[in-house]
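All remarks here apply to the structure that follows.
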Amino acid sequence: MNSLRLCEKLAREHSLREEEYAFLIDNRNEESARFLAREAVKVRKAVYGNKVFIRGLIEISNICRNDCLYCGIRKSNLNARRYRLTEEEILGCCKSGYELGFRTFVMQGGEDGYYTDERLSRLISKIKMLYPDCAVTLSLGERSRESYQALFDAGADRYLLRHETADKPHYENLHPAEMSFDSRMKCLRDLKEIGYQTGCGFMVGSPGQTSRHIAKDLKFIENFSPEMCGIGPFIPHRDTPFAHEKAGSAELTCFLLSVIRLIKPNILLPATTALGTVENDGREKGLLAGANVVMPNLSPVSVRKKYELYNNKICTGEESARCIKCLETRIKSTGFELSCERGDIIR
Ligand code: 5AD
Ligand code: FES
């Protein structure tokens, strides 16, 4: 089968065989990318109209017990200047975010033992009490099922936990021996069963990644059927074992955004900060390829540079209000419009 035929099949059936995904990736060209982007934008419009949802990202701590080989806040990085926001600081971010129009707060951080279920539950219930019309999304890594349940019961609505790669040996090449593919997969299953709107995702162009690996990721997304999926290019960080590996491309990331949109037309798909970092207009390209979410930073400017998963991260010097203005202009330039709704998945 030729590449364009496969594109048509994907648009029609929302599914391909694993080998077909790999073929599509290996044989992609401008023509197939353009076809997929057009189809992706079409289905995205049919579900969500012209809207792009915004999520306020609050980076609550860069203290992490893990040592992922790609990540700038891994525990072995002694150059990282560590910080942890207080409850008051986090609530302050929510307050200014709410005033700016945000109706989703994403609390993201390293796996920091300080954030016990008790502390987090208290924080989540406070946010939900103060802002009952807002969604709370957590992105705090692997926790026990009981913990996920407790945080859900406290009011959390969504959870982002990238699977990183659906190939076990590849997972093991990206992580230290203490971390396991099976426990990552179990976490994702637990989150979904508990009732979270769940997000998985992976890096594009991570060291050792092949088109077969990506094909597995796509098949995993098809089967797991997450409500959200975060993908962005891998970007090397100078203080990690992958310092000298090459970055993933915006081009392949956008191609995959289109594929994922066609696999699951109603998925919430962010144009990530990493995509905007590898190319100045990366996020705009992502939206035009099928993404429908952006996640500007609401963290205090004083900590933004410290939450450095990869080098050269954008927006680290900007006030939140300026970021939103800038994003609004960028979104309008694509012909879409920024929406201030909660932006839940449409079923
Ligand atoms: N480049 C790009 N993305 C990264 N992440 C972590 N380190 C990097 C990097 N060097 C991504 C991971 C993680 C998410 C929070 O950020 O996929 O799940
Ligand atoms: Fe932050 Fe443009 S989105 S400066």
Side-chain angles (χ1 to χ4, degrees), residues 55 57-77 79-80 106-112 137-143 158-167 170-171 173-176 179 181 183-185 187-188 191 198-209 213-214 217 220-221 226 228-250 252-254 256-257 260 269-279 282-283 286 293 295 297 299 304-316:
R55 320 294 194 199
L57 182 65
I58 309 172
E59 297 154 334
I60 66 171
S61 168
N62 72 351
I63 297 170
C64 190
R65 73 168 125 257
N66 280 337
D67 220 14
C68 305
L69 276 72
Y70 45 83
C71 185
I73 65 168
R74 65 201 301 266
K75 74 167 174 221
S76 299
N77 180 10
N79 291 329
V106 182
M107 290 193 277
Q108 183 173 87
E111 292 190 16
D112 177 353
T137 304
L138 303 176
S139 176
L140 300 168
E142 296 189 14
R143 303 177 75 92
R158 310 182 185 137
Y159 204 104
L160 305 174
L161 180 69
R162 290 190 178 180
H163 64 287
E164 310 298 357
T165 167
D167 182 83
H170 186 225
Y171 188 93
N173 290 335
L174 298 177
H175 299 93
M179 292 177 71
F181 176 75
S183 75
R184 180 61 56 113
M185 288 295 162
C187 286
L188 282 165
L191 289 163
T198 305
C200 64
F202 61 95
M203 292 178 291
V204 176
S206 61
Q209 186 186 57
H213 293 145
I214 301 175
D217 291 318
F220 170 71
I221 291 165
M228 307 168 282
C229 181
I231 70 165
F234 160 75
I235 303 171
H237 185 292
R238 70 176 83 80
D239 297 316
T240 65
F242 293 154
H244 303 293
E245 300 288 338
K246 78 184 213 308
S249 74
L252 179 53
T253 303
C254 290
L256 294 172
L257 284 170
I260 294 168
L269 199 57
T272 56
T273 306
L275 182 54
T277 298
V278 290
E279 262 183 39
R283 287 173 299 177
V293 172
M295 300 172 68
N297 202 320
S299 310
R304 291 225 192 143
K305 279 203 172 61
K306 298 181 189 158
Y307 197 82
E308 192 185 38
L309 308 184
Y310 46 82
N311 293 137
N312 306 316
K313 183 179 157 200
I314 52 171
C315 300
T316 54

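What you are looking at is a predicted structure, and each value in this text was computed from that prediction instead of being measured. Every number for a ligand or one of its atoms is a count from 1 in the order of the listing.
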Q) Would you call His237 a ligand 1 contact, heavy-atom distance under 4.0 Å? A) no
Q | Top protein contact for atom 15 (C) of ligand 1, by heavy-atom distance | A | Leu309 CD1, 3.8 Å
Q: Apply the side-chain hydrogen bond (donor to acceptor under 3.5 Å, both in side chains) test between Thr165 and each candidate in His175, His213, Arg184, His170; give the one that qualifies.
A: His170
Q: Please indicate whether any nitrogen or oxygen in Tyr70 is less than 3.5 Å from any nitrogen or oxygen in ligand 1.
A: yes
Q) What's the spacing between Glu279 CD and Ile314 CD1 if we round to 0.5 Å? A) 12.0 Å
(Q) Please state which option from Glu308, Lys313, Met203 has its nearest heavy atom closest to atom 5 (N) of ligand 1. (A) Met203
Q) Which bit of Pro233 is near ligand 1, meaning a heavy atom under 4.0 Å away: side chain, backbone, both or neither? A) backbone
Q: Provide the closest heavy-atom pair for Gly72 versus Ala80 in the form atom of the first, atom of the second, distance.
A: O-CB, 4.2 Å
Q) For Arg162, is at least one N or O under 3.5 Å away from an N or O on ligand 1? A) yes
Q. Of the protein's non-hydrogen atoms, which lies at the shortest distance from atom 1 (N) of ligand 1, and what is that distance?
A. Ile235 N, 3.0 Å
Q | Closest contact, heavy atoms only, Glu142 versus Glu111 | A | N-OE2, 2.8 Å
Q: Could you check atom 18 (O) of ligand 1 against the protein and tell me its nearest heavy-atom contact, residue, atom and distance included?
A: Glu164 OE2, 2.5 Å
Q) So, Ser299 versus Asn297: side-chain donor-acceptor pair below 3.5 Å or not? A) yes
Q: For the residue pair Phe220 and His163, categorise the inter-ring angle as parallel (less than 30°), tilted (30 to 60°) or perpendicular (more than 60°).
A: tilted
